[in-house]
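Residues take their numbers from the sequence shown, with the count starting at 1. Given the structure is predicted, the values throughout are model-derived calculations rather than measurements.
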Amino acid sequence: MEDSLFTRIIKGEIPCHKVYEDDKVLAFLDIHPIQTGHVLVVSKVQVDQFDELPDEVYEAVFDVVRKIAQRQKRIFGRQRACLRIEGFDVPHAHVHVYPCDNAQDFYGDKNRASKEPDHEALAKTAKKLAF
């Protein structure tokens with residue numbers, strides 16, 4: 001199997017704005033965030049769909065998702081953390097976690113992926129969220 005984009009990030013071949021890492025999970029900022037603080041929580045096992053993860057990895061991913069969500073709400077003063085699990089762009093199990101207050105926050109700017117990433121702002125946000 002060819003390495004996914006996320007496997008290449010995990011291996012350090014592609015840089016990221018890391019906020020958390022352990023032996024099973026890597027969490028880093030999305031370079032085209034739906035909201036400031038949008039984090040991708042990625043299993044270090046390259047499996048296409050989250051429901052195919054081994055139990056211990058699945059549990060580790062969702063433990064980190066919960067910690068990130070709690071941290072986002074506290075740091076950004078938001079009411080909720082939104083979760084998305086879709087996996088259409090990268091065939092590697094991951095969860096999108098981002099702070100929000102309402103349904104519009106869930107959807108964000110539809111054109112965000114066409115804009116250049118603001119790595120300076122991402123670095124500052126990563127520093128705020130890092131464990």
**Student:** Check L129, V64, V41, L26 against Y20 for a side chain to side chain contact (heavy atoms under 4.5 Å, CB included) and give me the one that passes.
**Tutor:**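 The side chain to side chain contact (heavy atoms under 4.5 Å, CB included) with Y20 is passed solely by V64 among L129, V64, V41, L26.
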**Student:** Any idea how F6 and H94 line up, ring-wise: parallel (<30°), tilted (30 to 60°), or perpendicular (>60°)?
**Tutor:**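 Ring orientation, 0 to 90° scale: perpendicular.
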**Student:** For the CD1 atom of I31 and the CG atom of L122, what is their distance to the nearest 0.5 Å?
**Tutor:**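 Rounded to the nearest 0.5 Å, the CD1-CG separation comes to 8.0 Å.
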**Student:** Please check if atom CD in E56 has more than 12 non-hydrogen atoms from other residues, nucleotides or ligands closer than 6.0 Å.
**Tutor:**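 Yes, CD of E56 has more than 12 neighbouring heavy atoms, counting only those of other groups under 6.0 Å.
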**Student:** Linking I/L/V/M/F/W/Y whenever any side-chain heavy atoms sit under 4.5 Å apart, do Y58 and V90 land together?
**Tutor:** no
**Student:** Could you tell me the separation between the CG atom of D30 and the OG1 atom of T36, rounded to the nearest 0.5 Å?
**Tutor:**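 Taking CG in D30 and OG1 in T36, the distance rounds to 11.5 Å.
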**Student:** Going only through I, L, V, M, F, W and Y residues with side-chain contacts under 4.5 Å, is there a path from V45 to I85?
**Tutor:**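 Per the 4.5 Å side-chain linkage, V45 and I85 are co-clustered.
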**Student:** Can a donor-acceptor pair be found, under 3.5 Å and without considering hydrogens, that links the side chain of H17 to the backbone of K127?
**Tutor:** no
**Student:** Is it true that E59 and K24 make a salt bridge, defined as a side-chain N closer than 4.0 Å to a carboxylate O?
**Tutor:**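 Result for this pair is no, no salt bridge flagged.
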**Student:** Does the distance from a Lys or Arg side-chain N to an Asp or Glu carboxylate O, for D105 and R78, drop under 4.0 Å?
**Tutor:** yes
**Student:** Are H32 and H38 near enough that their ring centres are under 6.0 Å apart?
**Tutor:**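 Here the rings of H38 and H32 have centres that are no less than 6.0 Å from each other.
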**Student:** Does L83 belong to the same Ile/Leu/Val/Met/Phe/Trp/Tyr cluster as L29, with side-chain heavy atoms less than 4.5 Å apart forming each link?
**Tutor:** yes
**Student:** OG1 of T7 to NE2 of H92: how many Å apart, nearest 0.5 Å?
**Tutor:** 4.5 Å
**Student:** Does V42 belong to the same Ile/Leu/Val/Met/Phe/Trp/Tyr cluster as V57, with side-chain heavy atoms less than 4.5 Å apart forming each link?
**Tutor:** no
**Student:** Check the surroundings of atom CD in E116: do more than 12 heavy atoms from other residues, nucleotides or ligands lie under 6.0 Å from it?
**Tutor:**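 For E116, atom CD is not crowded (no more than 12 foreign heavy atoms under 6.0 Å).
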**Student:** How long is the gap from OG1 on T125 to CD on Q72, to the nearest 0.5 Å?
**Tutor:**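 It comes to 10.5 Å.
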**Student:** Determine whether a donor-acceptor pair (N or O, by modelled atom type, separation under 3.5 Å) exists between the side chain of E86 and the backbone of F88.
**Tutor:**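 At least one qualifying donor-acceptor pair exists.
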**Student:** Please report the interatomic distance NZ(K44) to CG(D22), rounded to the nearest 0.5 Å.
**Tutor:**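 So the gap between those two atoms works out to 6.5 Å.
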**Student:** Of I34, V97, V95, L40, which is the lone residue that meets side chain to side chain contact (heavy atoms under 4.5 Å, CB included) with R84?
**Tutor:**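 Single side chain to side chain contact (heavy atoms under 4.5 Å, CB included) partner of R84 among I34, V97, V95, L40: I34.
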**Student:** Any idea which heavy atoms bring R71 and F131 closest together, and the distance?
**Tutor:** CD-CE1, 3.4 Å
**Student:** Do the side chain of Q46 and the main chain of E2 share a donor and acceptor less than 3.5 angstrom apart?
**Tutor:** yes
**Student:** Would a distance-only check, ignoring hydrogens and angles, find a side-chain to backbone donor-acceptor pair under 3.5 Å from D101 to Q79?
**Tutor:**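 Yes; at least one donor-acceptor contact below 3.5 Å.
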**Student:** Do the side chains of V47 and I9 join up, straight or via other hydrophobic residues, at under 4.5 Å, putting them in one cluster?
**Tutor:** no
